[in-house]
Amino acid sequence: MKKSILAVALIGATSLSFSQRGEIRDAESAVEDKNFKEALTQLDIAKPLLADEKDKWVVRYHLAKAKTHGNLASTKSGDEMISDMDTALKSVESVLAMENDNEEALAYQNKLRQTMVQTAIDGQNNGDFDIAEKLLYKTYELDRNDTVMLYYAASAAVNGKIYDKALTHYQSLLDMGFDGSTEQFIAINIETGEEEIFESKNMRDISIKTGEFKNPGIKKTPPLTGEIAKNITLIYIQEDQPDKALEAIKKAKEENPEDVSLLQAEADLYYRTGKIDKYDEVMKQVVKMDPENPSLYYNLGVASEQLGDKKSAKEYYLQAIELDSGMVNAYINLAALTLSKERDIVEEMNSLGNSRADNKKYQELNKEKKQFYKDALPYLEKASELDPKNMSALQTKLNIYYQLEMNEKAKALQEKINSLQE
């Protein structure tokens with residue numbers, strides 16, 4: 001009797017094992033046919049029949065489950081998509097826990113990674129930064145050596161104003177010494193004389209051998225620590241915590257004292273908090289480190305104006321356009337700076353009486369005022385030449401034409417302004 005009972009039990013176990021295999025095969029076939037609903041049904045039936053031991057059928061079950069949910073994720077959006085992606089990733093991890101060199105599992109894990117990155121890019125383009133952050137962070141979790149994915153996750157969080165996650169990610173990056181700089185493989189195109197960047201060292205070396213390129217080299221991209229520190233400060237400023245922002249900047253500077261972008265971030269912080277004198281002080285350090293950057297001189301010009309130092313402001317604006325003759329706002333600001341002297345003269349003219357001496361003084365002041373108009377006009381002409389639709393430059397120029405009785409030019413300019421406003 002005991003033998004019979006044992007035999008029946010063995011037969012029952014064998015039938016369960018064969019059933020498990022059948023359901024898994026059916027699930028795999030359903031995945032191939034893209035019938036993911038049927039695949040789910042078969043997987044649900046097979047799940048309670050799985051053997052405890054880590055045999056090939058358990059591996060096949062998890063692979064089928066990974067592919068089912070991975071494909072379902074691509075048909076969904078939002079949290080539903082994230083849920084399916086999580087299941088797919090966990091199923092792949094179950095396979096790799098049993099067979100860490102399973103090629104099919106590794107290949108599918110890489111496919112899931114590519115899908116997550118592309119979906120995150122699409123999400124950001126559509127303004128769905130929450131999903132983008134989640135997917136990029138999951139991508140980073142697949143390979144924690146790929147720290148740039150954590151950086152991208154933080155950037156998505158910033159764009160989506162998910163500041164708590166952004167701060168957490170940025171702090172993790174800073175703690176691990178991330179700077180974001182990468183190596184670029186470069187060479188000179190013999191035909192054009194231009195430097196070109198290659199995807200890999202191998203591709204660059206092949207191009208050198210063809211004789212089309214020369215002077216192979218490597219250069220590093222600028223570090224991202226300044227941008228990280230800047231974003232951290234912006235978050236703290238957004239949350240009305242300027243002290244924490246300044247603390248973050250100072251800490252980053254201790255590790256990267258020569259990083260110009262960090263000094264720029266510090267200057268921006270002072271500017272945003274209204275400490276223009278400190279902004280001016282730091283910006284002068286920045287200019288010493290990057291003396292060929294026209295934007296820095298322009299920004300110093302703006303700061304100098306706010307500090308009431310019009311002479312320095314003019315010098316900085318002139319230096320900016322010397323380095324970049326196409327800087328429209330520098331020309332407009334130079335014109336405005338020149339015309340700013342008009343107000344005091346007009347007030348003095350209005351305070352004069354009707355005596356002969358007053359009338360003489362009035363004429364002198366009026367001549368001086370017109371000279372300011374004449375001095376400002378070339379800056380406005382250049383600004384209009386560079387940006388023909390800049391209404392600020394056009395309107396100011398029109399007023400000067402009227403003041404200088406340049407009536408024909410005023411008439412033509414008024415018609416142009418009217419056509420632009422239609």
Side-chain angles (χ1 to χ4, degrees), residues 222 226-227 229-238 240 242 245-246 248-250 252-253 259-346 371-400:
E227 184 181 336
K230 184 175 181 179
N231 284 343
I232 289 174
T233 62
L234 291 176
I235 292 171
Y236 280 132
I237 290 170
Q238 184 73 25
D240 197 24
L246 188 56
I249 286 287
K250 287 182 176 178
K253 281 174 61 181
D259 191 333
V260 175
S261 59
L262 282 176
L263 281 172
Q264 180 74 66
E266 183 182 12
D268 289 345
L269 173 60
Y270 286 132
Y271 191 85
R272 287 172 174 272
T273 53
K275 298 177 181 177
I276 305 302
D277 55 337
K278 293 291 291 181
Y279 170 84
D280 185 66
E281 178 186 324
V282 176
M283 282 297 291
K284 285 175 180 175
Q285 295 178 46
V286 175
V287 168
K288 286 181 181 178
M289 298 172 73
D290 190 8
E292 301 299 315
N293 189 332
S295 295
L296 297 180
Y297 290 102
Y298 173 80
N299 291 336
L300 272 172
V302 173
S304 296
E305 271 199 80
Q306 294 188 10
L307 291 169
D309 187 353
K310 294 182 179 180
K311 181 181 178 182
S312 293
K314 182 177 180 179
E315 290 174 358
Y316 285 131
Y317 289 140
L318 289 173
Q319 284 177 293
I321 60 178
E322 184 178 341
L323 291 168
D324 180 4
S325 59
M327 190 170 278
V328 176
N329 287 339
Y331 289 106
I332 292 176
N333 284 13
L334 277 167
L337 194 63
T338 304
L339 294 172
S340 67
K341 303 170 186 176
E342 175 197 23
R343 182 180 299 173
D344 292 339
I345 291 180
V346 170
Q371 187 59 51
F372 289 142
Y373 294 150
K374 292 176 182 177
D375 291 342
L377 194 55
Y379 298 131
L380 293 168
E381 298 281 14
K382 185 64 177 180
S384 296
E385 176 188 325
L386 293 169
D387 185 3
K389 295 183 180 180
N390 190 301
M391 201 57 66
S392 175
L394 294 175
Q395 290 286 5
T396 305
K397 190 165 64 168
L398 179 64
N399 292 334
I400 290 177

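The basis for the numbers below is simple: all heavy atoms, side chains too, and nothing from hydrogens, waters or symmetry mates.
Glu292 CD to Asp290 CG: the interatomic distance, rounded to the nearest 0.5 Å, is 8.0 Å. Taking CG from Asn299 and CG from Asp268, the interatomic distance works out to 7.5 Å, rounded to the nearest 0.5 Å. Summarising the geometry, atom NZ belonging to Lys288 is positioned 14.0 Å from atom CG belonging to Leu296; distances are rounded to the nearest 0.5 Å. With rounding to the nearest 0.5 Å, the separation of CD1 in Ile332 from OG1 in Thr396 is 8.0 Å. To the nearest 0.5 Å, the span separating NZ on Lys278 from OG1 on Thr273 amounts to 10.5 Å.
Side-chain atoms of Tyr270 and Asp280 form no donor-acceptor pair, as typed in the model, at a separation below 3.5 Å. Side-chain polar atoms of Tyr317 and Glu305 form a donor-acceptor pair below 3.5 angstrom. If you check the side chains of Asn399 and Gln395, you find no donor sitting under 3.5 Å from an acceptor. Remark: the Lys397 side chain and the Ser384 side chain contain an N/O donor-acceptor pair separated by less than 3.5 Å. For the residue pair Glu315 / Tyr297, no side-chain donor-acceptor distance below 3.5 Å is found, with atom types taken as modelled.
In terms of heavy atoms, Thr233 sits closest to Ala245 at CG2-O, 3.4 Å. Met283 and Leu300 make their closest contact through CB-CD2, 3.4 Å (heavy atoms, listed as atom of the first residue, atom of the second, distance). The heavy-atom pair separating Thr338 from Tyr379 by the smallest distance is OG1-CE1, 3.9 Å. Closest non-hydrogen pair, Lys314 versus Leu334, comes out as CG-CD2, 3.8 Å. Across all non-hydrogen atoms, the minimal contact from Ser312 to Asp309 is OG-OD2, 2.6 Å. The heavy-atom pair separating Lys310 from Ser340 by the smallest distance is NZ-OG, 3.2 Å.
Looking at Tyr373, its side chain never comes within 3.5 Å of a backbone N or O of Glu342 through a donor-acceptor pair. Side-chain atoms of Ser325 never come within 3.5 Å of backbone atoms of Ile321 as a donor-acceptor pair (strictly under, hydrogens ignored).
More than 12 heavy atoms of other residues, nucleotides or ligands lie within 6.0 Å of CD in Gln285, so this atom counts as buried by the packing criterion.
A heavy-atom distance below 4.5 Å is found between the side chains of Arg272 and Leu234. Two residues are said to be in side-chain contact when any heavy atoms from C-beta on lie closer than 4.5 Å; Asp324 and Tyr298 fail this criterion. Inter-residue side-chain proximity for Ile237 and Asp240 is flagged as unmet; no heavy-atom pair is nearer than 4.5 Å. Residues Ile400 and Lys374 have side chains not in contact (no heavy-atom distance under 4.5 Å, counting atoms from C-beta outward). Asn293 is not listed as a side-chain neighbour of Val287, based on a closest heavy-atom distance of 4.5 Å or more. Within the 4.5 Å cutoff, side-chain heavy atoms of Tyr316 are placed close to those of Ser304. Two residues are said to be in side-chain contact when any heavy atoms from C-beta on lie closer than 4.5 Å; Leu323 and Gln319 fail this criterion.
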*asked:* Show, in sequence, the C-alpha distance, side-chain angles and deciding distance for Leu386 and Met327, and conclude whether the side chain to side chain contact (heavy atoms under 4.5 Å, CB included) test is met.
replied: CA-CA 8 Å; Leu386 293 169; Met327 190 170 278; over 6 Å; no
*Would you please test Val302 and Tyr271 for side chain to side chain contact (heavy atoms under 4.5 Å, CB included) and show each step?*
CA-CA 11 Å; Val302 173; Tyr271 191 85; 3.8 Å; yes
*Output, in order, the C-alpha distance, side-chain angles, deciding distance and verdict of side chain to side chain contact (heavy atoms under 4.5 Å, CB included) for Leu380 and Lys382.*
CA-CA 5 Å; Leu380 293 168; Lys382 185 64 177 180; over 6 Å; no
*Can Ile345 and Phe372 be said to form a side chain to side chain contact (heavy atoms under 4.5 Å, CB included), step by step?*
CA-CA 10 Å; Ile345 291 180; Phe372 289 142; 3.0 Å; yes
